Amino acid sequence: MLVCDGEAAFQTVFHFHLHVIPRYAEDGWTLKAASPERDRSLLDSDAQAIRDAIASTG
């Protein structure tokens, strides 16, 4: 499964978009994604924002 949504996925009508791609041995299809590094302080602030959002829904 591959989720493609938002501006980064070139959507012009914003909605949840999910691709389900069946795979077979030697089908020749690959997905090569670079794993960007994010500064630790940004990761920590993202994690705190998620914790805060979860806490506010309870």
Side-chain angles (χ1 to χ4, degrees):
M1 289 187 271
L2 177 64
V3 176
C4 296
D5 61 348
E7 188 175 335
F10 308 105
Q11 277 189 316
T12 56
V13 177
F14 296 101
H15 62 285
F16 180 74
H17 193 116
L18 175 69
H19 293 268
V20 178
I21 303 170
R23 298 298 310 274
Y24 304 96
E26 300 179 31
D27 62 10
W29 193 86
T30 61
L31 178 64
K32 295 180 181 178
S35 181
E37 291 197 22
R38 192 156 159 82
D39 185 68
R40 182 56 166 170
S41 64
L42 295 173
L43 293 172
D44 291 341
S45 75
D46 290 345
Q48 187 61 53
I50 292 167
R51 286 191 292 272
D52 293 345
I54 291 169
S56 72
T57 63

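Just so it is clear, the model here is predicted, and its values are computed rather than measured.
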Asks: Once you round to the nearest 0.5 Å, how far does CD of E37 lie from CG of L42?
Replies: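 CG of L42 is found 12.5 Å from CD of E37.
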Asks: Could you grab the distance from atom CZ of R38 to atom CG of D44, nearest 0.5 Å is fine?
Replies: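 It is 10.5 Å, given to the nearest 0.5 Å.
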Asks: List for me each residue that meets side-chain hydrogen bond (donor to acceptor under 3.5 Å, both in side chains) alongside Q48, sequence neighbours excluded, and say none if there are none.
Replies: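 Q48: side-chain hydrogen bond (donor to acceptor under 3.5 Å, both in side chains) contacts with R51, D52.
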